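Quick notes on the structure that follows.
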Amino acid sequence: MTSSERDKYDKIMDLSRRRGIFWTSFEIYGGVAGFYDFGPIGVLIKRNIVNQWLKYFVYSRENIVEIETPIINPRVVFKASGHEEHFTDPVLVCNKCGRVYRADHLIKDLLNIEVEGWSPEEITKLVQEKELKCPECGGDFAPAFNALLLFTTQIGPYRGETAYLKPEHAQGMFINFPHLFKILRNTLPLGIAQVGRVARNEISPRQGLLRLREFNIMEIEFFFDPEEADREVSRVVSDVEDEKLWVLTADMRLKNIEEPAEFTVRELIDRKLVKTPWLAYWMGIGNKFVKSLGVPPDKIRFIEKLPHERAHYSAQTFDQEVLTEKFGWIEVAGYAYRTSYDIERHAANSNADFEVFKKFEEPIIVKKELAYPNPSEISKLVGSEKTREVLQSLYSRKPEELARELSEKGYVEVQGFKLPANCFYVKREEEKIHGKKFYPHVVEPSFGVERLIYVALEYAYTEREGKIVLKLPPQLAPYHVAVFPLMAGNKPEHVKMVEIAKSIYKRLVARGFRAVYDDDGSIGRRYARADEIGIPFAITVDHQTLEDNTVTIRDRDTTEQIRIEISSIEKYLVEKLGLEQFL
RNA sequence: GCGGCGGUCGUCUAGCCUGGACUAGGACGCCGGCCCUCCAAGCCGGAGAUCCCGGGUUCAAAUCCCGGCCGCCGCACCA
């Protein structure tokens with residue numbers, strides 16, 4: 001098989017191993033599925049992708065802050081979030097044939113006993129007591145266990161508290177919302193970002209970097225007031241309102257339409273295709289961000305999840321997908337409208353106050369009627385021995401409610417007695433209401449870093465005359481520039497070239513450029529090595545340099561060279577690398 | 001997890017069916033040296049593989065058998 005016939009995926013995996021981008025972890029012990037090590041070049045590319053994301057999603061937005069929270073979380077967090085409930089299947093495995101059963105389903109079918117919520121130990125005990133065998137082969141069952149996609153650990157070295165490794169960052173932001181809301185002086189909207197590692201104990205990880213057991217997520221939980229969303233979005237939407245996205249909505253899917261249509265962010269909002277305009281806003285930012293990684297716009301699409309495909313917390317979800325050669329369309333991000341689901345859950349499970357106070361422009365004046373029991377009249381009507389009981393029952397109800405019943409029916413019914421108006425003191429008053437409390441809603445854009453690395457590599461991968469050229473966007477390249485002496489021999493002019501090249505290299509590094517120096521092998525070989533890892537520019541010190549202080553700068557993508565003064569190298573690079581511009 | 005296919009220097013591969021001369025061969029890459037005025041040049045030398053791991057059959061296993069691990073494909077799973 002020649003190199004051009006092997007598929008791009010294999011070639012990228014080869015390149016990645018060979019040049020130190022990434023490779024299977026624990027290789028010397030045979031490897032473990034779902035884990036990858038990142039090498040010297042890989043960590044640089046990865047960091048650049050993260051930095052690019054921070055630029056687009058955090059640093060250039062108002063009211064978005066970044067935090068870091070632990071990977072190890074006490075169990076209560078994922079109880080409150082619903083993960084434990086939705087992520088745990090008690091499983092029975094047959095020792096003889098290896099078949100796997102959902103324990104609760106099997107026991108319900110065979111013994112008609114409901115064991116939902118039982119611990120694995122209790123299930124195991126029941127299986128032993130009832131001598132339950134595998135219905136397929138009659139074999140014995142191994143002890144039951146919970147098939148969790150959450151990794152389990154303990155806090156404390158022995159007899160510790162059960163804990164989980166987080167499978168997403170979201171809970172870290174939700175938990176911290178009350179605190180951060182105060183730190184940021186009670187302002188909505190408020191976006192909380194987090195970048196870092198998460199872990200999911202996938203049943204069967206595959207497909208290289210696409211399905212990992214430990215990986216990095218870049219996520220924002222964006223808290224906002226649903227009633228103010230239109231107004232607040234209109235203040236910032238100019239950044240993205242004309243951004244064109246390819247979108248396939250759930251409605252279109254239900255009509256068996258398979259091809260997405262092009263919408264601007266503005267159209268998604270105006271045509272109410274999104275349940276909150278913030279969803280469209282972040283999708284617009286996300287579209288720009290993924291394009292900046294080198295993916296053409298027509299290779300990016302947003303697919304709305306159908307109701308039954310959505311997670312339990314989501315009112316509307318779009319997946320952002322990128323077309324790859326190897327795997328077809330792959331999900332690189334999800335945009336979920338989580339409403340107030342999560343913070344209401346945490347509010348219910350803790351004593352923290354997640355509600356936000358919203359002041360009205362003008363206080364609202366509410367006219368109220370209040371009815372208070374008149375004990376002496378009630379006593380006359382119900383008799384002295386019943387008075388106490390009736391009064392207690394009336395005091396447990398709100399005065400407003402009593403007034404309402406009284407005005408609607410003409411009496412208040414309690415313990416079989418119908419109490420007329422004269423049994424109550426009725427009071428009319430005006431109340432000024434200055435505002436209200438509410439749970440903010442949340443929109444969550446969430447990106448998988450490793451998937452983006454794969455996508456960026458696939459779009460960057462090209463070959464020229466049988467050699468690999470990684471055409472990464474300059475901002476993702478592991479190095480900005482390589483510096484070479486044309487010759488590195490022992491002749492005096494060669495020694496001089498090495499000296500000048502090294503000084504240029506040192507100066508560039510000192511000025512904050514990521515640069516490499518290389519004098520090993522022929523000049524052509526060094527260009528080829530630089531091309532392979534996507535270094536956009538190569539500076540060569542040659543004989544002419546010794547005469548007039550100029551060097552050549554070679555462009556990775558065209559191999560064309562121009563000659564410039566040593567003193568103007570920095571200016572040239574800043575301009576060509578696009579380092580002065582943001583978005 | 002189930003089924004199918006696969007795993008030999010860093011990479012690609014020869015050998016496996018038909019066990020023995022395999023001390024596992026080659027190419028590319030890598031390392032050292034020489035030589036070189038710009039795109040993987042040339043010459044000389046070198047390192048690099050307990051043939052994925054474990055067990056079995058055999059006088060003898062890279063080669064045959066069993067189990068495991070890892071990968072690819074399909075199914076299932078994917079809050």
Side-chain angles (χ1 to χ4, degrees), chain A residues 1-3 5-7 9-11 13-20 23-35 78 81-89 91 93-94 97-102 136 147-150 164 167-168 170-171 200-208 210-213 305 309-314 317 319 326-327 331 334 336 338 341-342 463-469 484-491 493-494 497 520-532 538-546 551-556 558-561 563:
Chain A
M1 203 185 269
T2 69
S3 119
E5 283 164 344
R6 293 170 55 225
D7 79 32
Y9 175 81
D10 289 332
K11 292 195 270 193
M13 297 307 270
D14 273 4
L15 174 72
S16 293
R17 278 185 56 73
R18 194 158 46 75
R19 295 305 308 274
W23 56 83
T24 330
S25 298
F26 316 113
E27 249 178 4
I28 65 163
Y29 294 112
V32 180
F35 296 93
F78 296 110
S81 71
H83 281 83
E84 201 178 57
E85 188 185 336
H86 288 87
F87 241 26
T88 307
D89 290 335
V91 162
V93 180
C94 172
C97 69
R99 284 186 174 83
V100 179
Y101 300 93
R102 275 277 297 262
E136 290 296 324
L148 252 190
L149 284 201
L150 295 173
Y164 298 117
E168 59 171 14
Q171 304 313 321
R200 301 179 186 189
N201 211 348
E202 297 284 353
I203 295 167
S204 162
R206 254 181 226 181
Q207 304 179 319
L210 302 194
R211 179 77 76 84
L212 300 174
R213 288 190 163 122
K305 294 296 214 181
E309 297 170 333
R310 291 197 303 253
H312 58 281
Y313 50 70
S314 175
T317 300
D319 279 352
K326 174 69 179 181
F327 303 106
E331 182 191 342
R338 297 180 79 134
Y341 178 89
D342 300 271
E463 290 178 12
R464 181 166 61 216
E465 292 161 20
K467 291 172 283 186
I468 296 167
V469 181
F484 308 138
L486 184 61
M487 295 296 154
N490 294 322
K491 291 183 185 171
E493 63 267 33
H494 296 168
M497 285 178 201
D520 186 34
S522 74
I523 188 69
R525 183 178 293 256
R526 283 177 265 157
Y527 287 142
R529 279 200 289 256
D531 287 344
E532 263 190 348
I539 292 170
T540 301
V541 172
D542 59 11
H543 292 84
Q544 195 177 326
T545 309
L546 306 181
V551 292
T552 63
I553 296 196
R554 169 188 178 274
D555 181 292
R556 173 194 71 196
T558 63
T559 77
E560 276 165 18
Q561 286 177 299
R563 184 165 282 279

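Here is the naming used below: chain letters follow the sequence lines, and residue numbers restart at 1 for every chain. Since this is a predicted model, take the numbers as computed values, not measurements. Any value given below was found using the heavy atoms of this structure, including those in side chains, with hydrogens, waters and symmetry copies removed.
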| note | Answer for the Watson-Crick or wobble partner of B:C75, both distances under 3.5 Å, is B:G1
| query | What integer number of Å spans the P atoms of B:G45 and B:C9? | reply | 26 Å
| request: Using the C1' atoms only, state how far B:G1 lies from B:C17, rounded to an integer number of Å. | output: 32 Å
| field | A:S81 and A:Y313 side chains, donor-acceptor separation under 3.5 Å | value | no
| remark: In whole angstroms, the gap separating P of B:C70 from CD of A:E27 amounts to 13 Å
| task | Report the base-pairing partner of B:G45 (Watson-Crick or G-U wobble, both distances below 3.5 angstrom), or none. | result | B:C31
| field | G-U wobble or Watson-Crick pairing nucleotide for B:C9 (cut-off 3.5 Å, both distances) | value | none
| Any idea which of B:U37, B:G10, B:C72 is nearest the A:R17 side chain? | B:G10
| said: Between C1' on B:C70 and CH2 on A:W23, what's the gap in Å once rounded to a whole number? | reply: 18 Å
| query | So how far is it from A:L210 CG to A:Y9 OH, rounded to the nearest 0.5 Å? | reply | 7.0 Å
| request: Write down the distance separating the C1' atoms in B:C38 and B:C44, rounded off to the nearest Å. | output: 25 Å
| query | Is any NZ, NE, NH1 or NH2 atom of the basic residue among A:D531 and A:R526 found under 4.0 Å from an Asp or Glu carboxylate oxygen of the other? | reply | no
| request: Using Watson-Crick or G-U wobble geometry with both distances below 3.5 Å, tell me the partner of B:U57, or none. | output: none
| remark: Re B:U50: Watson-Crick or G-U wobble partner, both distances kept under 3.5 Å, found to be none
| remark: A:K305 atom NZ is separated from B:C78 atom P, nearest whole Å, by 11 Å
| request: Answer with base, sugar-phosphate or nothing: what part of the nucleic acid does A:G208 contact at a heavy-atom distance below 4.0 Å? | output: sugar-phosphate
| task | Could you work out the separation of B:C53 and B:C12 based on their C1' atoms and round it to a whole Å? | result | 24 Å
| remark: B:C22 -> Watson-Crick or G-U wobble partner, both distances under 3.5 Å, gives none
| query | By side chain to side chain contact (heavy atoms under 4.5 Å, CB included), which residues pair with A:E532, not counting sequence neighbours? | reply | A:L15, A:R18, A:R19, A:I468
| said: Holding to side chain to side chain donor-acceptor pair (under 3.5 Å), I want the full list of residues that pass it with A:S16, two or more places apart in sequence or in another chain. | reply: none
| task | Determine the interatomic distance between P on B:G71 and the same-named atom on B:C59; round to the nearest Å. | result | 38 Å
| query | Is the A:H543 ring parallel, tilted or perpendicular to the A:H494 ring (thresholds 30°, 60°)? | reply | perpendicular
| Distance (rounded to the nearest 0.5 Å) between A:R464 CZ and A:R556 CZ | 9.0 Å
| remark: From CZ of A:F26 across to C1' of B:C69 the rounded distance in Å is 14 Å
| task | Look up atom CG in A:N201 and atom CZ in A:R213, then write down how far apart they are to the nearest 0.5 Å. | result | 5.5 Å
| message | Just the rounded figure in Å: distance from P of B:U11 to CG of A:L15. | response | 13 Å
| message | Work out how far the P atom of B:C65 is from that of B:G7, and round it to whole angstrom. | response | 13 Å
| Whole angstrom value for the distance that separates C1' of B:G29 from NZ of A:K11 | 17 Å
| request: Write down the distance separating the C1' atoms in B:C70 and B:G48, rounded off to the nearest Å. | output: 23 Å
| note | Of the listed B:G71, B:C31, B:A79, the closest approach to the A:A33 side chain comes from B:G71
| query | Which whole-number value in Å describes the distance from A:K326 NZ to B:G71 C1'? | reply | 10 Å
| request: Using the C1' atoms only, state how far B:C2 lies from B:U23, rounded to an integer number of Å. | output: 44 Å
| Protein-to-nucleotide contact annotation, 5' to 3' order, nucleotides 38-53 of chain B [B base; S sugar-phosphate only; - none; under 4.0 Å, heavy atom] | BBBS------------
| task | Starting at atom CD of A:Q207, determine the distance to atom C1' of B:C77, rounded to an integer number of angstrom. | result | 13 Å
| message | Under 3.5 Å for both donor-acceptor distances, Watson-Crick or wobble: does B:C36 have a partner, and if so which one? | response | none
| Spatial distance of atom CD1 (A:I539) from atom OG1 (A:T552) [nearest 0.5 Å] | 8.5 Å
| note | Re B:A14: Watson-Crick or G-U wobble partner, both distances kept under 3.5 Å, found to be none
